Amino acid sequence: MNPMINFKKEFAQLLSAQVDGQLTAEQIEIVLEKPKQPEHGDLAFPCFSLAKIFRQAPQKIAAELSEKISSPLFEKVEVAGGYVNVFFNKETAALDILKQVLSEQGEFGRSDAGTGGVMTIDMSSPNIAKPFSMGHLRSTVIGNSIALIAEKSGFKPFKINHLGDWGTQFGKLITAYKLWGSEEKVSQNPIKELLSLYVKFHEEAINNPSLEDDGRLWFKKLENGNEEAMELWTWFRDESLKEFTRIYDLLGIEFDSSAGEAFYNDKMDRVIDLIEEKGLLVESDDAKVVDLSDLELPPCLIKKSDGATLYATRDLAAALYRKENYNFVQSLYVVGNEQSLHFKQLIAVLDKMGYEWANTMKHIPFGMMLKDGKKMSTRKGKVILLEEVLAESIAMSAKNIQEKNPNLTNKDDVARMVGVGAVVFHDLKNYRLNDIEFSLEDMLRFEGETGPYIQYTYARACSILRKGNWDKSEIPAEFPLSWTEEWKVITALAEFPEAVKRAMDKYDPSQIAKYVIDLSREFNKYYAEVKILEPSEKKPARLALVSAVTMVVKEGLRLLGMEAPEEM
RNA sequence: GUCUCAGUAGCUCAGUAGGAUAGAGCAACAGUUUCCUAAACUGUAGGUCGGAGGUUCGAAUCCUCUCUGGGACGCCA
């Protein structure tokens with residue numbers, strides 16, 4: 001239980017008892033707000049809605065209410081404008097919060113809201129034979145963070161890397177390889193060579209449209225198990241996975257399943273049969289579709305005129321497979337914004353098929369990584385490689401360490417944590433749906449609201465604890481403090497559980513990132529203002545506070561998929 | 001054309017189940033280290049919240065219209 005909730009509940013109950021039954025404590029709790037200005041206290045009740053009911057000026061109501069509110073939890077109740085503002089008893093509140101954080105440590109903020117239900121998360125899903133681009137980073141880190149937040153919220157996350165290892169693109173690639181490729185070149189530098197073949201295919205296809213037909217033909221052969229096609233496909237796939245694994249290792253991300261699109265090849269007929277059985281399959285221009293016009297959606301294409309399957313068919317098969325094998329209570333798809341229509345159609349088809357669990361599937365869209373204000377296109381070879389960006393970021397971080405802390409023992413490790421952290425945090429700190437204009441300069445900025453800033457805050461706090469010989473298992477029984485300087489840090493700590501809840505409710509890791517920025521800012525101000533290690537009767541309590549900060553910052557970073565170096 | 005997402009300080013963004021004086025970071029300028037890591041902190045400057053109506057005691061937040069930009073819209077994924 002979040003300690004702040006006690007204060008909120010107390011205030012709401014006291015108010016409720018004074019309003020002639022016009023508002024319940026629960027209703028009041030919802031409208032209670034945290035004032036923006038610290039001089040307005042810690043919690044405020046706006047009286048405007050009561051003004052109508054009682055036909056009195058809100059200021060007058062507030063004044064009357066304030067006289068009747070008193071509790072040992074509050075040190076002061078004031079009236080300002082139409083608000084009743086209360087100030088918490090800092091000693092009591094601080095003690096409650098610190099004791100809780102220090103005893104729960106990394107468990108602080110955990111909830112059982114998910115009641116152990118399985119949440120599948122379709123994420124990352126890079127395309128085989130294409131480089132791992134900055135675009136895929138978003139799905140990967142957002143999905144990973146949502147999984148961590150879900151676990152903390154009582155779900156059982158199940159991360160699925162739905163590899164793009166099937167589709168017409170492979171027909172195109174095989175065509176291009178047979179025309180212009182060389183085994184030697186591909187072996188030497190697989191991804192780069194395959195990408196340039198893919199790009200060349202699209203360049204040539206502009207003047208030679210029959211290439212597209214060849215591509216489709218080769219894909220058809222692949223679907224029919226043609227030996228040559230299968231051999232090439234397996235080769236391309238293996239080489240790609242090697243590269244992807246290198247990146248996932250760097251990011252510290254693992255999957256519970258890497259069943260890609262090809263995995264569902266033998267599960268397609270059944271889905272199509274099922275759709276047909278329900279009488280949903282309609283023929284249209286030689287293709288098979290499910291009509292969705294009653295929902296004002298374009299029809300969902302199930303089978304092409306040449307009999308080959310499509311993306312939607314595979315996703316339907318995958319949805320069915322996941323429900324049957326994992327029995328999810330929620331199924332998330334962390335996939336770009338531009339595919340919203342596809343997921344609307346997917347859910348609509350499942351709904352029409354009579355699966356009541358269709359509405360437990362959720363598309364978690366995110367904005368695009370833009371280059372010069374435009375979408376990046378693999379076909380035109382306009383991609384930015386994640387691995388190169390990570391390498392630059394790590395190099396930059398190593399350079400900083402060399403300048404600022406040359407005696408650091410595990411330099412390489414820390415450079416990796418900070419370099420990777422900078423890139424991950426940059427991606428997660430803003431609202432998911434915002435487009436991001438790619439800027440290496442922004443990404444490698446290590447000052448201000450950045451990953452390194454948070455990690456630095458953590459390292460500084462750890463340094464103090466080391467010098468103060470703080471034992472983190474020790475929880476002092478009392479803290480003889482007035483808590484004026486530390487009050488903002490303490491309230492920031494108390495807000496962590498709410499940030500986790502918000503992040504879960506909105507499937508939005510940026511809620512955690514923003515929280516961790518706020519907490520770090522408050523701590524850094526405190527650090528600049530108060531000499532924590534200076535001998536004083538307050539020192540043990542201050543160390544306890546610093547210890548609590550390290551625990552929450554570290555846990556916040558963990559939920560974002562980032563590491564926290566104890567020195568940097 | 002239809003649908004959809006967005007427009008807040010020079011730049012990047014918070015703030016939206018309506019609430020008090022719209023907040024940060026970067027960039028600019030001025031400071032802070034004999035003292036716990038200056039990847040930090042303090043201060044100055046910077047705004048008709050795209051525009052116009054409307055609802056309301058109260059609107060960046062809700063409704064309508066409008067302008068601008070991104071994206072999607074059947075045989076790619």
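Lettering follows sequence order; numbering is per chain, from 1. Note that this is a predicted model, so its numbers are computed, not measured.
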- A:Arg432: what forms a salt bridge (Lys or Arg N to Asp or Glu O under 4.0 Å) with it, not counting sequence neighbours? none
- Nucleotide-resolved protein contact map, nucleotides 33-46 of chain B, B/S/- at heavy-atom distance under 4.0 Å: --BBBSBSSS----
- Note on the structure: Writing each nucleotide of RNA chain B 5' to 3' as (, ), [, ], | or . by Watson-Crick or G-U pairing under 3.5 Å yields (((((((..((((.....[...)))).(((((.......))))).....(((((..]....))))))))))))....
- Task: Take atom CG of A:Leu211 and atom C1' of B:C76, then tell me their distance rounded to the nearest Å.
- Result: 16 Å
- Do we count A:His40 as stacking onto B:A20 if the rule is ring centres under 5.5 Å and planes under 30°? yes
- Message: Would you measure the distance from the C1' atom in B:C73 across to the matching atom in B:C65 and give it in whole Å?
- Response: 25 Å
- Rounded to the nearest angstrom, tell me the gap between atom OH in A:Tyr431 and atom C1' in B:U16. 11 Å
- Query: How close do A:Ile532 and A:Lys539 get, heavy atom to heavy atom, and via which atoms?
  - Reply: O-CG, 3.6 Å
- Task: Using the C1' atoms only, state how far B:G15 lies from B:C49, rounded to an integer number of Å.
- Result: 11 Å
- Given the P atoms of B:G50 and B:U34, what is the spacing between them in whole Å? 46 Å
- Examine B:C75: is either OP1 or OP2 under 4.0 Å from a nitrogen or oxygen in the side chain of A:Ser305? Give yes or no. no
- Query: Which part of the nucleic acid, if any, lies within reach of A:Asp285 when heavy atoms closer than 4.0 Å are counted: base, sugar-phosphate only, or nothing?
  - Reply: base
- Task: Might you work through the salt bridge (charged side-chain N to carboxylate O under 4.0 Å, His left out) test for A:Lys538 and A:Glu486, ending with a clear yes or no?
- Result: CA-CA 11 Å; A:Lys538 294 180 176 181; A:Glu486 28 280 290; 5.3 Å; no
- Could you label the plane-to-plane angle of the A:His202 and A:Tyr198 rings as parallel, tilted or perpendicular, counting under 30° as parallel and over 60° as perpendicular? perpendicular
- Within the structure, does a side-chain N or O atom of A:Lys344 lie under 4.0 Å from either OP1 or OP2 of B:U4? no
- Task: Calculate the interatomic distance between A:Met443 atom CE and B:G25 atom C1'; express it in whole Å.
- Result: 16 Å
- Just wondering, more than 12 heavy atoms not from A:Lys303 lying within 6.0 Å of its NZ? no
- Query: Taking atom C1' in both B:A27 and B:A45, what distance in whole Å separates the two?
  - Reply: 12 Å
- Note on the structure: From CZ of A:Phe366 across to C1' of B:G71 the rounded distance in Å is 13 Å
- Item | Rounded distance in Å - CG (A:Asn127) to P (B:A77) | 10 Å
